[in-house]
Number of protein chains: 2
Amino acid sequence: MAEGPTINTIAERAGVSIASVSRVLNGLPTRQETVRKVLAAAEELGYVRNAVARSLKSRRTHQVAFAMADIGNPVYLAMVRQIQPVLKAAGYRLVLHSTDAIVADEIDVLHSLGERYVDGLIMSPLRVTNEHLKMIATARAPVVIIGSVPEGTRVDNVRADSRTGVRLAIDHLYELGRRRIGFVNGPLDTVPGAARAAAYGEALKERGLPYDEEIVEVGDFYRAEGARAARALLDRAPGVDALMCANDLIALGALDVLRAAGLRVPEDVAVVGMDDTDLAAASWPSLTSVSLGSAERGKAAAELLLDRLNDMDSQPRVVTVAPRLVIRASTAGEAAVLGVRGETSGETVNIPLQSKGGTP
Amino acid sequence: MAEGPTINTIAERAGVSIASVSRVLNGLPTRQETVRKVLAAAEELGYVRNAVARSLKSRRTHQVAFAMADIGNPVYLAMVRQIQPVLKAAGYRLVLHSTDAIVADEIDVLHSLGERYVDGLIMSPLRVTNEHLKMIATARAPVVIIGSVPEGTRVDNVRADSRTGVRLAIDHLYELGRRRIGFVNGPLDTVPGAARAAAYGEALKERGLPYDEEIVEVGDFYRAEGARAARALLDRAPGVDALMCANDLIALGALDVLRAAGLRVPEDVAVVGMDDTDLAAASWPSLTSVSLGSAERGKAAAELLLDRLNDMDSQPRVVTVAPRLVIRASTAGEAAVLGVRGETSGETVNIPLQSKGGTP
DNA sequence: GCCAGCACCGTAAACGTTTACAGCGAAAGT
DNA sequence: ACTTTCGCTGTAAACGTTTACGGTGCTGGC
C-alpha cells in the first residue's frame with residue numbers, strides 16, 4: 001500500500017513536464033518521442049490516474065446515486081438491475097442509498113448532492129413532501145424521480161400507471177366471476193397507497209360493483225403487515241372471493257393467512273399482487289401480479305439522467321410506463337399456469353432467468 | 001444549478017480567512033464571535049462542503065465498493081442488504097459493481113482501486129485466478145474477499161462452508177429414506193462448483209452410498225441452465241428419488257422440470273437447493289435449502305473491511321460462517337412446513353419479512 | 001515598562017490533476 | 001536575412017479543501 005506514483009513521478013522519470021504527461025495520458029497531440037517516454041515511465045511505475053484529483057478539476061465524478069426506500073424490497077432491486085448496466089455502459093459508477101422511507105434521510109441525500117460526490121441522482125421516494133419539492137428545485141445536481149410528483153413540478157420523472165394496473169386486475173377477477181373483491185392496501189399517505197386506493201374505487205365503479213369499506217384494509221407494504229391486514233379483513237368479512245393486494249409482499253402475507261385458514265387459492269379466494277417481482281413467479285401458489293414495469297422504469301430513469309447530464313438546459317421530461325397483468329395460479333389455478341408455460345414458454349416463467357452468475 | 005459557495009465565499013462574507021472558516025466547520029477551537037459569524041454566513045449561503053476537494057486533501061473518500069458477479073442473483077443482494085447498513089453506520093457510502101463473473105472485469109475493478117475513488121473493496125469472485133491473487137497482493141486499497149482463496153493468501157477473507165452444508169442436505173435426504181440422490185451442479189471451474197462437487201462425493205461416502213456419475217450433471221448457476229441439466233439427468237436416470245442442487249436457482253429450474261414431467265415433489269423426488277434465498281421460501285412448493293449464511297457473510301465482510309480501514313497493519317483474518325439446513329416442503333411435504341410455521345413462527349417464514357418499505 | 005505566555009487568526013503550501021498561456025526552436029515565406 | 005508560422009513543450013494557476021507555521025494583540029508577572 002505504498003504511496004502511488006503521480007504525474008510528477010512520471011514527469012521526473014521521463015524527463016518531461018507534468019503538462020506533457022497529462023497531455024499524453026489524455027491523448028492530446030504530442031511528439032511521438034515524448035509519448036513513448038511517458039508511456040514507458042507510466043508503465044514501469046504502474047501509474048493509475050487519481051480519480052479524486054481529476055474530479056476536483058473537471059467537476060465531474062462519473063458517479064450517480066440511486067436512493068431507494070428499502071434495499072430489501074425486490075422492486076428496487078429490479079430497478080437497480082437495470083440502472084446499473086445503463087450507467088456502466090456510459091462510464092458511470094452507481095452509489096446506493098437506502099433511506100428506509102424516512103423523509104429526513106431522503107432530504108439528507110438531496111442535500112448531500114451539494115457535496116458534489118455524484119453527478120446526478122435517481123430517487124424513488126414513497127412520500128413526496130413539500131420539503132422534497134423544495135430541495136429538488138434547488139438541488140445542485142440533476143435529479144430524476146421515480147414515482148409521481150405534483151403537476152407542474154419541473155423535474156425529470158418516471159411514472160407507473162397504478163390506475164390502469166389496478167383496473168386490469170379487477171377486470172380479470174370480475175371476468176373470473178368474482179364479485180366480492182377485497183383490497184389490502186399500504187399506507188394512504190404514500191404516493192402509491194393513495195393512487196391504488198383511488199384506482200380500486202374507480203375500477204369497482206366501472207364494473208358496477210359497490211364500494212364496501214368492510215372489505216378494504218390498510219396495512220403496510222411488507223409481508224408481515226400484509227398478513228396482519230389480510231387476517232383482519234377475513235375475520236371481518238369471511239365472504240370475500242378475491243383479494244387485490246397493493247404489492248407482492250402484501251399478497252404473500254395474504255397467501256400465508258389463507259393457507260393457515262384452510263382456504264384454497266384460487267378456488268375459495270383468488271389473490272392478485274402488484275409489482276410482479278421475482279417472488280410472484282416463485283411463490284406458492286404462483287402469484288398473479290400486476291407488473292408496473294419496475295425494470296422499464298429503472299432503465300428509463302437511468303436514460304433520462306444520462307440525457308440530462310449531457311444537456312442541462314432541455315425541458316424536463318415525464319415517462320410513463322404501461323402496466324400489464326401477469327396471470328398465474330393464484331387466480332387462474334395450476335392448469336392455467338401450465339398452459340401458459342407450454343404456449344409462451346415465457347414471461348411468467350422466465351423473469352427470474354435473467355439471473356446469471358452463481359454463489360461464492 | 002448555480003455555482004455553489006465555497007469556503008472562500010464564506011470567508012469573504014464573514015470577514016475572516018478561509019483557515020478560520022475551515023476551523024469552525026471542523027469544530028476546532030475558535031473564538032465564539034468568529035464561530036457565530038462563520039456559521040451565519042454558511043447558513044445564509046447554503047454552504048455544503050465539497051466532498052471531492054476534501055477527499056483529495058484527506059486521502060479518504062468515505063466510499064467502499066462491492067463487486068459481485070451478478071446483481072441479479074439474490075445471494076449478492078442478501079449481502080448488499082447487510083453490507084449497506086453496516087457501512088452507512090460507519091459513515092461510508094456503497095459503490096456497486098456488477099462484473100458478470102468476467103475475470104477481466106474483476107481485474108479491472110481491482111486495478112481501479114488505484115484511482116482512489118474508494119477507500120476499500122469487498123469482492124466476491126466466482127473464479128479466483130492467479131491474476132486475481134497478484135492484483136490483490138499489490139492493491140492500493142484494502143480488499144476483503146467473500147469466498148475461498150488459496151491457503152496462505154494474505155487477505156481478509158469470509159468463507160462459507162459448502163462441505164458441511166452439502167453434508168447436512170445429504171444427511172437429511174438419507175434420513176428421509178432417499179438412496180438415489182442426484183446432484184445438479186454449476187461449473188466445476190468455479191470455486192463453489194468445485195467445492196460442492198467434492199462435498200457431494202464425500203457426503204455420499206460417509207453414508208455408504210455409491211458415487212454414480214450417471215446421476216450427476218453439470219450446468220450453470222441459473223434457472224434455465226438448472227432446468228436443462230435437471231432434464232438431462234432425469235432422462236438418463238429416471239430412478240432418482242432426490243435432487244441435490246448447487247444453488248436455489250438451479251433448484252427452481254429442477255422444480256419446473258419435475259412439475260412438467262408430472263413428478264410429485266417431494267413424494268417422487270425430493271429437492272434441496274442452496275443459499276436459502278428469498279425465492280426458496282416463496283417457491284412452489286417451498287424449497288428446502290442449505291443456508292450458507294449470505295447475510296452473515298456480507299455483514300462479516302463489511303466489518304472486516306471497517307476494521308482494516310482502522311488498522312492497516314494487523315494480520316489478515318479469516319471468518320467462516322456455519323451453514324444450516326432450512327427444511328421446507330420440497331423435502332418434508334406441506335405438513336412439515338405448516339408444522340414448522342406453527343412452532344417456531346420463525347426462520348422459514350420470516351426471512352422475506354425483513355423487507356420494509358413499499359412500492360413507488 | 002518589558003517580556004513571556006497565550007489565544008486566536010491569517011498566509012501559504014499542499015493534495016494530484018487539467019489547461020491557458022507563453023516560450024522556444026525549426027521550417028517556411030518574403 | 002528577417003519575420004512569420006507552426007509544432008511542441010514548460011510554467012503556473014486553478015479546482016476547494018486542510019493544516020503547519022508564524023504573526024498579532026492581549027494578559028499577567030517581574
Side-chain angles (χ1 to χ4, degrees), chain A residues 1-39 41-42 45-63 112-119 140-141, chain B residues 1-39 41-42 45-63 112-119 140-141:
Chain A
M1 239 135 300
E3 296 305 322
T6 71
I7 53 171
N8 286 290
T9 332
I10 297 184
E12 217 168 302
R13 172 177 292 232
V16 298
S17 74
I18 60 167
S20 288
V21 175
S22 178
R23 277 188 286 260
V24 170
L25 296 176
N26 288 305
L28 297 175
T30 316
R31 191 160 51 112
Q32 207 48 42
E33 169 66 6
T34 313
V35 172
R36 204 192 46 68
K37 281 192 296 187
V38 168
L39 290 183
L45 292 166
Y47 171 78
V48 183
R49 184 197 274 122
N50 184 314
V52 177
R54 166 173 252 220
S55 292
L56 178 58
K57 184 73 201 176
S58 68
R59 297 153 159 277
R60 281 272 181 149
T61 60
H62 295 280
Q63 294 196 147
S112 73
L113 285 183
E115 295 180 5
R116 308 218 140 274
Y117 69 96
V118 286
D119 295 339
R140 298 254 169 75
Chain B
M1 237 137 296
E3 295 305 320
T6 72
I7 53 172
N8 285 289
T9 330
I10 298 184
E12 217 168 301
R13 170 176 293 229
V16 299
S17 75
I18 61 167
S20 287
V21 175
S22 179
R23 275 188 289 259
V24 170
L25 295 176
N26 289 306
L28 297 175
T30 316
R31 190 159 52 111
Q32 206 50 41
E33 169 66 5
T34 313
V35 171
R36 204 191 44 68
K37 281 191 296 185
V38 168
L39 290 184
L45 292 165
Y47 172 78
V48 183
R49 184 195 273 122
N50 184 312
V52 177
R54 168 173 248 220
S55 292
L56 177 59
K57 183 72 196 166
S58 68
R59 297 153 158 277
R60 282 273 183 150
T61 61
H62 296 280
Q63 293 194 148
S112 74
L113 286 181
E115 295 180 4
R116 308 218 141 274
Y117 69 97
V118 287
D119 295 340
R140 298 255 169 75

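Only a predicted model underlies this, so the values are computations on that prediction, with no experimental measurement involved. Chain identifiers are assigned alphabetically (A, B, ...) following the order of the sequence lines, protein sequences preceding nucleic acid strands; residue numbering begins at 1 within each chain.
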Figure out the [atom1]/[atom2] separation between [X] and [N], and round it to whole Å.
X: A/N8; N: C/dC15; atom1: CG; atom2: C1'; value: 11 Å
X: B/R31; N: D/dG25; atom1: CZ; atom2: P; value: 13 Å
X: A/R23; N: D/dA12; atom1: CZ; atom2: P; value: 15 Å

Item to check | Donor-acceptor contact present, side-chain A/R116 to main-chain A/R140, <3.5 Å | outcome: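 Yes, because the side chain of A/R116 sits within donor-acceptor range (under 3.5 Å) of the backbone of A/R140.
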For [X], answer base if it contacts any base atom (sugar-phosphate contacts may also be present), sugar-phosphate if it contacts only those atoms, and nothing otherwise; contact means non-hydrogen atoms under 4.0 Å.
X: A/S55; result: nothing
X: A/S20; result: sugar-phosphate
X: A/V16; result: sugar-phosphate

Of the listed nucleotides ([options]), which one gets closest to any side-chain atom of [X]?
X: A/T34; options: D/dC8, C/dC8, D/dT19; result: D/dC8
X: A/N26; options: D/dC15, D/dT19, C/dT18; result: C/dT18
X: B/N50; options: D/dT17, C/dG16, C/dT18; result: D/dT17

Next on the checklist: So, OP1 or OP2 of C/dT18: does either fall under 4.0 Å of a side-chain N or O from A/R54?
Outcome noted: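 For C/dT18, OP1 or OP2 has a side-chain N or O of A/R54 closer than 4.0 Å.
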Checklist entry - If each of B/I18 and B/S58 is mapped to the nucleotide of DNA chain C with the nearest heavy atom, which maps nearer the 5' terminus, i.e. the 5' end? => result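 Looking at the nearest nucleotide for each, B/I18 comes out on the 5' side.
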